[in-house]
Number of protein chains: 2
Amino acid sequence: MPPPPARPEGRTTIADVAREAGVSKATVSRFLNHRDTLLSPQIATRVEKAVQALGYMPSPMAQALKRGRSRLIGLVVADIANPFSVAVLRGAEKAAQQAGYLVMLFNLGNESEREREAIEALAAYQVEGFILNTLGADPHAADEVARHGKPAVLVDRKHAGMQADFVSLDNADAVRQGVSHLLAAGWRELLYVSEPVAGVSSRAERVAAFREFTRAQGVGGHVAEAAEGQGEALQQALRELRRGAGRRPVAVLASNALVTLRVSDAAAALGWQFGRDLGFVGIDETEWAHLVGPGLSTIAQPTDDIGRIAASCLIERLQGRDFPPRQILLAGRLLARGSSQRAP
Amino acid sequence: MPPPPARPEGRTTIADVAREAGVSKATVSRFLNHRDTLLSPQIATRVEKAVQALGYMPSPMAQALKRGRSRLIGLVVADIANPFSVAVLRGAEKAAQQAGYLVMLFNLGNESEREREAIEALAAYQVEGFILNTLGADPHAADEVARHGKPAVLVDRKHAGMQADFVSLDNADAVRQGVSHLLAAGWRELLYVSEPVAGVSSRAERVAAFREFTRAQGVGGHVAEAAEGQGEALQQALRELRRGAGRRPVAVLASNALVTLRVSDAAAALGWQFGRDLGFVGIDETEWAHLVGPGLSTIAQPTDDIGRIAASCLIERLQGRDFPPRQILLAGRLLARGSSQRAP
DNA sequence: TTGTAAGCGTTATCAT
DNA sequence: ATGATAACGCTTACAA
């Protein structure tokens with residue numbers, strides 16, 4: 001199969017095909033877009049041959065210009081270094097490819113103030129819709145999307161005042177699973193360690209669920225924030241937890257994989273062993289959780305589904321279907337390991 | 001700052017601005033592209049005001065169509081689930097954003113046969129160049145890129161016959177660092193565990209460097225491949241390693257983070273402890289390496305630099321500079337931890 | 001210095 | 001059923 005002639009100057013255009021087939025550009029266009037209908041078989045085959053011969057592919061740019069639709073999906077992620085964002089990206093990219101869309105990526109790198117810039121840049125390329133896994137810090141970002149009148153799907157983080165489909169882990173349920181599991185194993189004084197909430201909806205929801213559920217269960221429910229580079233503070237929080245608990249076994253529920261790492265470091269620094277000196281469950285399954293200490297218990301998010309469903313939601317809307325904004329909550333799955341085994 | 005008027009129908013075009021400012025489209029275009037030169041100050045300010053008032057942003061699609069340049073960079077990654085690919089993506093995305101480019105992503109998901117499809121799709125959108133972190137399995141992919149006459153940068157994996165800039169870890173040096181370190185610590189019989197080489201240049205280079213260097217040092221240098229789901233085989237290889245070594249301490253050099261995981265599992269299954277029963281160094285630093293056992297020694301790739309430099313290389317070429325194909329090898333950095341401490 | 005007009009590669013609206 | 005032709009939003013000769 002020899003490569004197509006590849007005219008050195010520029011790509012082959014619809015005009016080339018038309019000339020080659022001895023028809024008008026309009027006919028070629030019709031062949032491409034309507035194929036069977038509106039076309040005499042003989043002409044159709046003539047055009048088909050020419051297309052083949054020249055290896056012609058229509059320019060999506062020109063098509064976008066003309067039709068105002070680009071077959072592009074804009075994806076804004078808060079931080080591509082976060083495995084969760086990657087999982088979303090992956091699911092979205094897959095679904096998009098299948099539906100014939102291409103993904104344009106904008107990574108905020110945790111700089112929330114760039115959110116509007118991202119949306120603007122993507123909108124300029126006529127993306128047909130957005131998937132947003134954003135910081136939610138910029139109240140104007142919602143307007144920005146609304147202004148373009150393009151459908152959007154929010155992932156993981158709700159955005160105050162933006163009305164759009166929303167796909168996420170069922171945060172409250174996940175926290176309840178973690179707490180129940182720890183209580184069932186005999187841990188009695190619980191500390192929820194979160195990244196600084198800072199207005200991020202998912203973080204706030206998890207903290208709220210933790211407070212509510214521990215109170216309902218009548219057990220000690222404390223909350224601490226673990227920020228970057230604050231290892232000392234976290235160790236301090238753990239020490240206080242144990243001091244306050246007396247002889248009741250203490251355990252930590254970590255809000256995500258990053259926090260799990262920080263808690264692991266703090267525990268190591270204190271010389272505490274998981275499953276013995278400290279019970280532990282962390283939200284977010286990782287490939288390494290089973291290798292740390294006696295194995296870290298985790299609550300796995302259905303990341304693949306989240307990404308896939310987010311993209312599907314968007315694509316459904318791009319195909320013109322119209323629903324009221326949906327909210328899709330997916331259950332997490334507890335993976336019990338040594339760190340949450342029966343308390344001493 | 002009220003949001004711009006946001007005409008409900010379609011975006012504001014250059015014509016709108018021209019009308020608002022009472023000038024011609026050409027003048028607006030000149031203002032946008034040449035600003036200072038070619039424009040009387042009064043008109044310039046008039047246009048500037050109009051642009052501001054309408055919140056006008058030119059359509060990159062139309063610009064691309066006209067100029068044949070799109071300010072888009074095509075990025076093909078072998079597997080977005082691989083942290084290395086993510087690091088590249090991240091560096092590339094950052095550099096691209098700074099230079100005013102946007103990244104179009106195509107993830108192969110380890111399906112090498114889609115490589116040409118990816119290049120075609122990206123080329124159709126007039127990407128100005130490619131960054132390829134690919135499988136290298138498709139010999140025609142190179143032609144595909146060449147055919148479009150667009151610059152490309154290869155990352156991590158060379159592509160037979162494609163002549164392009166190449167950015168990568170200095171594989172031979174990294175392997176030598178690992179081997180030297182293990183030998184210096186007293187480990188004597190070494191096993192290199194790799195993913196199936198399968199024609200991937202970086203994998204082959206590392207294996208070759210290992211064979212060569214261990215022979216030069218006159219120590220035992222064995223090689224095993226660890227494929228997905230072959231845990232048993234890997235355990236078997238480790239057992240044989242030790243049997244053959246007699247009383248000489250045995251150690252593993254793992255080819256990447258994935259293999260590190262597999263070796264860790266195998267060691268755990270055998271009940272061997274790193275740093276005592278088995279020396280260990282793994283290529284690729286991870287956020288969790290310090291938490292496993294006595295800490296896993298790793299060789300960190302300068303992933304950020306790799307991504308950034310790859311993008312910079314490409315952008316330099318996009319700006320018209322012309323060099324012969326460059327090959328940029330970056331040194332890895334050994335992080336010694338408990339797993340490679342002095343052999344018993 | 002500014003405006004007019006052609007054209008980038010498509011598709012859609014007319015005729016024929 | 002097919003072909004001219006006019007857009008889409010922009011840039012760039014060429015005129016003025």
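Numbers restart at 1 for each chain; the letters A, B, ... are given by sequence-line order, proteins then strands.
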Looking only at the side chain of B:Ser29 (C-beta and beyond, no hydrogens), which of the listed nucleotides D:dT12, D:dC8, D:dG3 gets closest? D:dT12
Over all strands shown, is B:Leu32 touching base, sugar-phosphate only, or nothing at heavy-atom distances under 4.0 angstrom? nothing
Is any side-chain heavy atom of A:Asp156 less than 4.5 Å from a side-chain heavy atom of A:Phe166? no
Across the strands shown, which category fits A:Ser59 at heavy-atom distances under 4.0 angstrom: base, sugar-phosphate, nothing? sugar-phosphate
Between residues 122-129 of chain A and DNA chain C, which residues have a heavy-atom gap below 4.0 Å? none
Result for 5'-nearest mapping on DNA chain C, choosing between A:Ile14 and B:Lys66, is B:Lys66
Salt-bridge test for B:Glu120 and B:Arg114: reply yes if a basic N is under 4.0 Å from a carboxylate O, no otherwise. no
Say you draw a straight line from CD of B:Glu144 to NZ of B:Lys150; how long is it, rounded to the nearest 0.5 Å? 11.5 Å
Calculate the interatomic distance between B:Met61 atom CE and D:dC10 atom C1'; express it in whole Å. 13 Å
For B:Gly22 and for A:Lys25, locate the closest nucleotide of DNA chain C by heavy-atom distance; then report the residue assigned to the nucleotide nearer the 5' terminus. B:Gly22
Is it true that A:Arg90 and A:Glu93 have a side-chain N and a carboxylate O under 4.0 angstrom from each other? no
Mind calculating the distance between NE2 (B:His34) and P (C:dT1) to the nearest angstrom? 14 Å
Nearest whole angstrom, please: distance from the C1' of D:dC10 to the CG of B:Leu65. 8 Å
Give the rounded distance in Å between these two atoms: CD of A:Gln63 and C1' of C:dA12. 14 Å
Within a strict 4.5 Å, meaning less than it, do heavy atoms of the B:Thr134 and B:Val155 side chains meet? no
